[in-house]
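Data first, discussion second: the structure below is written as structure tokens.
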Amino acid sequence: MSSVLQPQASRLRRLSAQLARGDRPLFAMFRSVGTQVLIVVMNVATGIITARLLGAEGRGVYVAITLWPPLLAMLATAGLNSAVVFRMRRNPAAVDAVAGAALLLGFGWSALMIAAGAALLPLFMSGYSTTTIVFAQICLAAVLVNTTQIVVKQAFAGTGQYWFCNLTHLLPQLYHLLALIAIAVIATLTARDAALALYLSGAVAVLSVLPKFVRAIRPRILRIRDAAVRTELRELRSYSLRAAPAGLVTALILHSDRLVLIPLLTARELGFYAVAFSFSRVVQFVQPALQSIFLSHLAGQTDAAPRVHDTACRFLLASLSVACVVLWLAGEWLLGFAYGAEFAVAVDIFRLLVIEASLGVLAQVSVQLYLSRDRPGVVSAIQAGTLIVSLGMLLALVPHYGGLGAAVALLSAGAVRWLALIVGIRLILKLPLPRLYLNGEDWRYLRGRLRA
């Protein structure tokens, strides 16, 4: 009996060691998903703390202040985030030049975004006090921090250092949670305190990973005249410009609801919507792994990419369907239990946004397939159409139905985007349409990947 169990125990130990190291794409994906589960838990915890201590109105003010740095950083790195991974995988001998060129491009675009944000904030936040608007403008300095974090994280992914990629994404949330707990213990938490905790935590997190980034990748950021850096500046700019429309539209899609809601809703109504929105994102815990590790894996191969994509779609669709049913049924109780009875009224918004978030995950899988086959322009076109649908419905529905109208608009736009990406696989990429249900072949394929 022991002779039979020994090989099984040895195999389990070997699998555990490989999973811990993340030295193969599938194991790296599993570990990244595990890391993202921790991040989701911490995000839920910070959301609970801010909602319970600030109330609906304070939570709304907090959202109005903190929306801008991550949005502007996404705009600054639109196309650049995927370009970094793509270039590092295609030209591994020049990762130092790629990293240096990416930081230079990121810093330049960040400066432009900060200037634009400072000018536009008073228009979007006209319903808030002057001191709140000025404070939000000062906090735009965090755009540089967020941009640096994105480039560093993608550089780690592009060089296969998935543990540090995960760590770069994990530390800001961890430090933010610890900072909120510390402030709540020693003082009365305000919206501005919570925002400062968020931004300072992000800066400390970036400083924590920079030494490893410099040692491992040695970015040539100060060698602009270097021929390799100039070459990578051209290559990154070329790829980024083609992928940028998709990145810009993605950023606007992700934030379009709050861009419309901030000037149209009171802070209290915005607070209810913000809690429902943030809680619905729990189903998106795999998305960062899809944006970095999944693209890194697909970009390194061509023949097997469709099979990997189709299998991932089927497993995700099955998992997300179960999650949506559970959260739909338990949503009201979960909102009241976690955030307080005051927020249970947002349950209808939450239920619609859970489905929308699930469609976003499925769409992100297919986006990586297009990017890995060097078709960022197709993604840009689909995303642009989605943004038009989203903004049109938001502007039509929010004035009459508030947060619920925003949820309907996002769900409709998300469905259009996912269906367009799926149809485009057949019409544009000339690949067979993916089967959307699991069967025995998928489980055999997964077992084979685990044993390989």
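Positions are given from 1 along the sequence.
- The two residues Ala191 and Gly58 come nearest to each other via the heavy atoms CB-O, 3.9 Å.
- In this view, Arg192 satisfies the salt bridge (charged side-chain N to carboxylate O under 4.0 Å, His left out) rule with no residue, not counting sequence neighbours.
- Rounding to the nearest 0.5 angstrom, the gap separating the CZ atom in Phe86 from the CG atom in Leu236 is 11.0 Å.
- Phe156 is not listed as a side-chain neighbour of Leu167, based on a closest heavy-atom distance of 4.5 Å or more.
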Practice prompt. Determine, step by step, whether Asp348 and Arg351 satisfy the side-chain contact (heavy atoms from CB on, under 4.5 Å) criterion, reporting the C-alpha distance in whole Å, the side-chain angles of both residues, the deciding distance to 0.1 Å, and the verdict.
Written response: CA-CA 5 Å; Asp348 291 333; Arg351 287 169 172 165; 3.8 Å; yes
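- The side-chain hydrogen bond (donor to acceptor under 3.5 Å, both in side chains) analysis of residues 318-343, with sequence neighbours excluded, yields the pairs Arg268-Glu342.
- Shown here are the side-chain contact (heavy atoms from CB on, under 4.5 Å) partners of Leu264, two or more places apart in sequence or in another chain: Val260, Val398, Pro399.
- The shortest distance between side-chain heavy atoms of Leu261 and Leu394 does not fall below 4.5 Å.
- In this structure, His255 contributes its side chain and Ala251 its backbone to a donor-acceptor pair below 3.5 Å.
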Fill in: Test log, rule side-chain contact (heavy atoms from CB on, under 4.5 Å), inputs Phe135 and Thr132
CA-CA 5 Å; Phe135 178 76; Thr132 300; 5.7 Å; no
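- The salt bridge (charged side-chain N to carboxylate O under 4.0 Å, His left out) test applied to Arg417 returns no partner, not counting sequence neighbours.
- A donor-acceptor contact shorter than 3.5 Å links the side chain of Glu269 to the backbone of Thr266.
- Among all heavy-atom pairs drawn from Leu397 and Ala409, the shortest one is CD1-N, 4.2 Å.
- Taking 4.5 Å as the limit, some side-chain heavy atom of Pro434 sits within range of a side-chain heavy atom of Ile422.
- For the pair Ser366 (side chain) and Ala363 (backbone), a donor-acceptor distance under 3.5 Å is absent.
- For residues 381-400, the set of pairs meeting the side-chain hydrogen bond (donor to acceptor under 3.5 Å, both in side chains) definition, not counting sequence neighbours, comprises Thr250-Gln383, Ser256-Ser390.
- Remark: Asp193 pairs with Thr190 by the side chain to side chain donor-acceptor pair (under 3.5 Å) rule, at least two apart or across chains.
- Considering only heavy atoms from C-beta on, Leu411 stays 4.5 Å or farther from Leu353 through its side chain.
- For Ser358, there are no side chain to side chain donor-acceptor pair (under 3.5 Å) partners, not counting sequence neighbours.
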Output side-chain donor-acceptor pairs under 3.5 Å for residues 136-149, partner residues at least two apart or in another chain, one line each.
unit_1 : atom_1 : unit_2 : atom_2 : d
Gln137 : NE2    : Ala118 : O      : 2.7
Thr147 : OG1    : Ser110 : OG     : 2.7
Thr147 : OG1    : Val143 : O      : 2.9
Thr148 : OG1    : Leu144 : O      : 2.8
Gln149 : NE2    : Thr168 : O      : 3.1

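- Listed by first and then second residue, the salt bridge (charged side-chain N to carboxylate O under 4.0 Å, His left out) pairs involving residues 352-364 are Arg281-Glu356 (not counting sequence neighbours).
- Applying the side chain to side chain donor-acceptor pair (under 3.5 Å) test to Arg426 and every residue at least two apart in sequence or in another chain returns nothing.
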Item to complete: Kindly determine whether Leu198 and Leu180 satisfy side-chain contact (heavy atoms from CB on, under 4.5 Å), including the steps that lead there.
Response: CA-CA 8 Å; Leu198 175 66; Leu180 283 177; over 6 Å; no
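- Taking CG of Leu72 as the start and CG of Leu67 as the end, the distance is 8.0 Å to the nearest 0.5 Å.
- Atom OG of Ser240 is separated from atom CH2 of Trp109 by 9.5 Å, given to the nearest 0.5 angstrom.
- Taking the side chain as every heavy atom from C-beta outward, Leu233 and Val229 approach each other to under 4.5 Å.
- Comment: Arg218 does not engage Asp96 in a salt bridge, judged by the lack of any side-chain N to carboxylate O separation of less than 4.0 angstrom.
- The main-chain N or O of Ala338 is found under 3.5 Å from a side-chain atom of Arg52 such that the two form a donor-acceptor pair.
- Across Ile349 and Gly403, no two heavy atoms sit closer than the pair CD1-C, 3.7 Å.
- Across all non-hydrogen atoms, the minimal contact from Ser278 to Arg59 is OG-NH2, 3.7 Å.
- What you find for Leu327 and Phe350 is that their closest heavy atoms are O-CE2, 3.6 Å.
- The side chain to side chain donor-acceptor pair (under 3.5 Å) search around Thr46 returns none, not counting sequence neighbours.
- Separating the CG atom in Leu352 from the CG atom in Leu404 is a distance of 6.0 Å, to the nearest 0.5 Å.
- Shown here for Tyr128 and Ile133, the closest heavy-atom pair between the two residues is O-CD1, 3.8 Å.
- Counting only heavy atoms from C-beta outward, the side chains of Val63 and Phe277 never approach each other to under 4.5 Å.
- Rounding to the nearest 0.5 Å gives a distance of 10.5 Å between CG of Leu362 and CD of Gln364.
- The cationic group of Arg258 does not satisfy the cation-pi geometry with Phe124, failing either the under 6.0 Å distance to the six-membered ring centre or the 45° limit from the ring axis.
- Using a 4.5 Å cut-off on side-chain heavy atoms (C-beta onward), Met125 and Trp68 make contact.
- With rounding to the nearest 0.5 angstrom, the OG atom of Ser126 is 11.0 Å from the CG atom of Leu121.
- Residues Val275 and Leu335 are in side-chain contact: their nearest non-hydrogen atoms beyond the backbone lie under 4.5 Å apart.
- For residues 234-252, the salt bridge (charged side-chain N to carboxylate O under 4.0 Å, His left out) pairs, not counting sequence neighbours, are Arg87-Glu235, Arg242-Asp374.
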Item to complete: Take Leu316 and Val361 through the test side-chain contact (heavy atoms from CB on, under 4.5 Å) and record every step on the way to the result.
Response: CA-CA 8 Å; Leu316 281 172; Val361 175; 4.1 Å; yes
